[in-house]
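Below is one structure, written out as structure tokens; comments come after it.
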Amino acid sequence: MSANRVGVYPGTFDPITLGHMDIIRRGAKLVDTLIIGVTTNPSKSPMFTDDERLETVKREVADCEGDIRVVHFNSLLMDFAERQGATVIVRGLRAVADFEYEFQMAGMNQQLNDDIETLFLMADVALQPIASRLVKEIAMYGGDIHKFVTPTVEREMKARVEKLGRKGD
């Protein structure tokens with residue numbers, strides 16, 4: 001009998017988008033257990049707290065097929081992946097710019113632990129332009145984000161924008 005194949009899909013998920021959901025659904029088919037690692041990137045300004053993002057991701061993936069777990073982490077990705085027993089890191093790619101960054105990260109991660117492979121999944125063509133950063137910006141200026149996130153996430157983002165104060169004229 002083969003060992004349980006564990007994959008880690010890390011991200012800030014601020015907010016979780018339809019693009020993230022696509023990678024989660026497809027990634028879950030490739031491993032026995034997919035662990036979604038919710039973290040904070042110090043170079044980003046999150047709209048939602050760690051706990052809010054963790055709960056949102058848990059809710060959004062509840063109906064997905066496969067053994068999917070959602071865990072918060074605040075450490076080096078490779079240390080987290082090793083603690084989870086992962087053999088693969090799942091990453092989504094949208095464009096060439098993503099590839100350049102992800103290629104560099106995969107190389108660094110391999111230097112830290114060459115027993116854990118990085119698996120790149122191309123985003124669905126219809127979802128390629130979606131980026132959390134852009135979704136937040138559109139929402140902050142009162143734009144329509146329903147094509148990029150689930151209805152529940154859209155409502156949460158509208159409420160947060162209301163609380164933070166909408167930008168623009």
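Any value given below was found using the heavy atoms of this structure, including those in side chains, with hydrogens, waters and symmetry copies removed. Each residue takes its place number in the sequence, starting with 1. Note that the structure is predicted; figures quoted are calculated from it, not measured.
Proximity of Lys29 to Glu65: side-chain heavy atoms (C-beta onward) are nowhere separated by under 4.5 Å. Looking only at side-chain heavy atoms (C-beta outward), Asn74 and Asp50 stay at 4.5 Å or farther from each other. A heavy-atom distance below 4.5 Å is found between the side chains of His20 and Ser132. For the pair Val70/Leu54, a side-chain contact is recorded, criterion being any heavy-atom separation below 4.5 Å from C-beta on. Side chains of Leu112 and Asn109 form a contact here, defined as non-hydrogen atoms less than 4.5 Å apart. For the pair Val161/Met47, a side-chain contact is recorded, criterion being any heavy-atom separation below 4.5 Å from C-beta on. Side-chain contact between Val135 and Pro15 is present, with heavy atoms from C-beta onward closer than 4.5 Å. Between Thr118 and Glu102 there is no side-chain heavy-atom pair separated by less than 4.5 Å.
Taking 4.0 Å as the cut-off between side-chain N and carboxylate O, Glu156 and Arg160 do not count as a salt-bridged pair.
Under the 4.5 Å side-chain contact rule for hydrophobic residues, Ile138 and Phe13 share a cluster. Tracing side-chain contacts under 4.5 Å through hydrophobic residues (I, L, V, M, F, W, Y), one never reaches Leu119 starting from Ile35; they form parts of separate clusters. By the criterion of side-chain heavy atoms lying less than 4.5 angstrom apart, applied directly or through intervening Ile, Leu, Val, Met, Phe, Trp or Tyr residues, Met122 is grouped together with Phe103 in one hydrophobic cluster. Under the 4.5 Å side-chain contact rule for hydrophobic residues, Val8 and Leu121 do not share a cluster. Both Leu164 and Phe48 are part of a single hydrophobic cluster, where members link through side-chain heavy atoms under 4.5 Å apart.
A donor and an acceptor atom, one from each side chain of Thr152 and Arg155, are located under 3.5 Å apart.
Remark: Asp144 CG is packed, more than 12 non-hydrogen atoms of other residues, nucleotides or ligands lying under 6.0 Å away. By the 6.0 Å contact criterion, CZ on Arg83 is enclosed, its count of non-hydrogen atoms from other residues, nucleotides or ligands being greater than 12.
The CE atom of Met140 sits 5.0 Å away from the NZ atom of Lys167 when rounded to the nearest 0.5 Å. Distance check, rounded to the nearest 0.5 Å: CZ of Arg25 to CD1 of Ile68 gives 8.5 Å. Once rounded to the nearest 0.5 Å, the distance linking CG of Leu93 with CD of Gln128 reads 9.5 Å. Between the CG atom in Leu77 and the CZ atom in Arg91 there is a gap of 7.5 Å [rounded to 0.5 Å]. The distance from the CD atom of Gln110 to the CG atom of Asp115 is 10.0 Å, given to the nearest 0.5 Å. Note that the CG atom of Leu30 and the CZ atom of Arg26 stand 8.5 Å from one another [nearest 0.5 Å].
For the pair Met157 and Ala139, the tightest heavy-atom approach, listed with the atom from each and the gap, is CE-CB, 3.9 Å. Contact between Ala123 and Arg94 at its shortest, heavy atoms only, is CB-CG, 4.2 Å. Residue Ala126 comes nearest to Pro129 through the heavy atom pair O-CD, 4.0 Å, listed as atom of the first residue, atom of the second, then distance. Taking every heavy atom of both residues into account, Ile130 and Gly19 meet most closely at CD1-N, 4.3 Å. Between Ile89 and Pro10, the shortest heavy-atom distance links the atoms CG2-CD, 4.0 Å.
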### Task
Show your working on side chain to side chain contact (heavy atoms under 4.5 Å, CB included) between Met78 and Met108 and close with a plain yes or no.
CA-CA 10 Å; Met78 297 311 276; Met108 292 297 288; over 6 Å; no
### Task
Check the pair Met21 / Val61 against side chain to side chain contact (heavy atoms under 4.5 Å, CB included), numbers first and verdict last.
CA-CA 8 Å; Met21 293 301 296; Val61 304; 4.2 Å; yes
### Query
Can Thr40 and Arg53 be said to form a side chain to side chain contact (heavy atoms under 4.5 Å, CB included), step by step?
CA-CA 10 Å; Thr40 297; Arg53 290 181 288 113; 2.9 Å; yes
### Query
Lys158 and Glu162: salt bridge (Lys or Arg N to Asp or Glu O under 4.0 Å), yes or no, with the steps?
CA-CA 6 Å; Lys158 284 181 179 181; Glu162 190 72 28; over 6 Å; no
### Stepwise side chain to side chain contact (heavy atoms under 4.5 Å, CB included) check, Val6 with Thr87
CA-CA 6 Å; Val6 176; Thr87 57; 5.6 Å; no
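Relative orientation of the Phe80 and Phe73 rings is parallel, given thresholds of 30° and 60° on the angle between their planes.
Checked against Tyr9 for a side chain to side chain contact (heavy atoms under 4.5 Å, CB included), the options Val88, Val38, Val90, Val31 give a single hit: Val90.
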